[in-house]
Number of protein chains: 2
Amino acid sequence: MKDHATTIYDISELAGVSIATVSRVLNGSPNVSDATRKKVLDAIEASGYTPNAFARGLGLNTMKTIGILAADSSDLYLAKAIYHLERELRANDYDCLLCCTGYELENRKSAIDLLISKKVDGIILVGSNFIYDTDEENAYIVEAARTVPVMLLNGALEAPNVYSITSDDYKSMYEAASELIDSGVTNILYYYNSISYSGKRKEKGFRSALKDRGVTVPENHLQYFDGTREDVPGMAAQLLALHKKGVTFDGVIAADDTLAMSAVKYARTLGLSIPEEFSVIGYNNSMLSTCSDPELSSIDNKLETLCQHLTATLMGVLGGADMPKITVFSGEIAHRKTTRPKTT
Amino acid sequence: MKDHATTIYDISELAGVSIATVSRVLNGSPNVSDATRKKVLDAIEASGYTPNAFARGLGLNTMKTIGILAADSSDLYLAKAIYHLERELRANDYDCLLCCTGYELENRKSAIDLLISKKVDGIILVGSNFIYDTDEENAYIVEAARTVPVMLLNGALEAPNVYSITSDDYKSMYEAASELIDSGVTNILYYYNSISYSGKRKEKGFRSALKDRGVTVPENHLQYFDGTREDVPGMAAQLLALHKKGVTFDGVIAADDTLAMSAVKYARTLGLSIPEEFSVIGYNNSMLSTCSDPELSSIDNKLETLCQHLTATLMGVLGGADMPKITVFSGEIAHRKTTRPKTT
């Protein structure tokens, strides 16, 4: 009847105890009653729980390896995340198996199958683009979590053995838009290039801020860039094409620093002075924000903190502790030279 | 007497045949005479060659995993290299264990020990900063290569079982400097932030070009930036401090695109028009070169090609083929908006 290998999840059901309790027993934790321990060990015996998985649970034969999945490890934001995660995991004596999956669901499924066949101790999905719109599409995450803990960096999904560490993109974007309006910029263009879980939260934050402050912008002031993620000249060309069509704006809120860089290019091409006549806020507070001239104000989403917290949570889970399923950090605006102070 | 596990290298010595021949025998290649095969199998029996390593050699129990070492996986250039390598290796059914080692020799040694204990099939050192000045320091590479093939991306070292895939940084920099001089810029500043193997080759190329064209610059026109690799504002500040001290120059050749970005900032601060009054050439042809305004002319060192070639070479070595020990590709200048055409 079962179409998958017996997992800690099955043992938990069979024994009628939580996954954390099974994990504690497997890890030889003293904080388990003898009766509970017996229930779990009986369930393990009754099930087909494999010696390998058992040994791994006991820490006897663990590979001490975590699988890291990212769409593209050379993306500025994802590369930083991988760097921080690798350092944190290494400090805990874990190795990292890196898989660059691109953005196709099928490739992600096979990467996860591969990692599980390699007996990794856990899987980290880096970036909210791993979360899809439907339960059916997200089933690959739920299924993987039946075997190993799955950590989501900046994505959220409620399922057993899945842990989400996110930055509050809604709130960050809400604050960025509010601040821009309060500085006297109301004819704002919102520029984005991702419709991921995080991308949608950002757009929602932007729309809410406008609504709460009674500001309206035409729908063509929400501009989607469909090109490659590093094509800053292409992004600038799209803004200039809008200008030629008569669409004007005196500020840009960008969902990524690359898009913000293109807005700076746009302003320079038109001879607009920044921030006196034109304001820009970027997102991610990447190295681009200080490369830019003038330097970009940008939302710092505390990536290093997220990675530290994710690793600590994963270590807790692997050690059998009860860990929070969802952790949310707040970002903050790093103010530089492309925004004006409040006028109010 | 031996202070390390028996390796393919020892078998090769013992049998009096090349490593490639031992590898062919272990891989069951038909292109080995019966006499040679017997010599190798006898040597294996006589030695303490471990069943694990033997099985790995036979491809029976290979982990199909390659260790990738990089100082910092979030560095623009290194992140791109890791991305391309991961894709190429994945296409060959190999996984990647990623280790970010920083720049300290001790950390590199322990990362390699760890990878070998994990029974990786090969090791890739990404970036020329893995090559040190002395044989003593580089012994860690020679030693690792006694167990697994070691691939150097953009570094060169002659040792058994070590393979180097490099871009000709000397030639690229020679051509960049020559071109700048031919466009009428002779008061050039050379700006660098690495004294790695590759960094030294670049500087040599710069000096040779000046010498061959009879151009001299004062020694303070070779400027070293000692700060963090992403601190573009700090790089610009150093150039402006030079200007204040009366050191002038009408063009910058940068050993990295970040340094080139800072030269563009410098020119803008002083109100110099690019490229009419001030020229800049960057290095690596990274995303920064198109982020920059005006877009940077930059040396394209063919990173993707290098990564493809490195992977093909490694696959050849693992398959028992004789592969070239050193492969050198030529870079070329990607011309954009920060350089003028030749005047001659």
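Residue numbers begin at 1 in each chain, while the letters A, B, ... track the order of the sequences. All values reported here derive from a predicted model rather than from experimental measurement.
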Hey, is NE2 on A:His243 packed in by over 12 heavy atoms from elsewhere, all under 6.0 Å?
-> no
Does a sphere of radius 6.0 Å around NZ in A:Lys302 hold more than 12 heavy atoms from other residues, nucleotides or ligands, not counting ones at 6.0 Å or beyond?
-> yes
Residues of residues 99-111 of chain A under 4.5 Å from chain B (heavy atom pairs)?
-> A:Cys99, A:Cys100
Inter-chain contacts: [range] against chain A, heavy atoms under 4.5 Å:
range: residues 282-298 of chain B; value: B:Met287, B:Leu288, B:Thr290, B:Cys291, B:Ser292, B:Asp293, B:Glu295
range: residues 253-263 of chain B; value: B:Thr258, B:Met261
range: residues 267-279 of chain B; value: B:Arg268

Which atoms of [X] come close to chain A, meaning under 4.5 Å heavy atom to heavy atom: side chain ones, backbone ones, both, or neither?
X: B:Glu230; answer: both
X: B:Leu78; answer: neither
X: B:Leu114; answer: side chain

Pick from A:Met235, A:His84, A:Lys80 with the largest number of heavy-atom pairs that fall under 4.5 Å of chain B | A:Lys80
Residue selection (most heavy-atom pairs with chain B, distance under 4.5 Å) from A:Leu115, A:Val264, A:Val232 | A:Val232
How far apart are the closest heavy atoms of B:Ala79 and A:Ser74, and which atoms are they?
-> O-CB, 3.7 Å
Top contributor to chain A interface from B:Asp75, B:Asp231, B:Asp95 [non-hydrogen pairs under 4.5 Å] = B:Asp95
Counting heavy-atom pairs under 4.5 Å to chain A, which of B:Arg87, B:Arg90, B:Glu86 comes out on top?
-> B:Glu86
Would you check if B:Leu98 and A:Ile68 make a side-chain contact, meaning some heavy-atom pair closer than 4.5 Å?
-> no
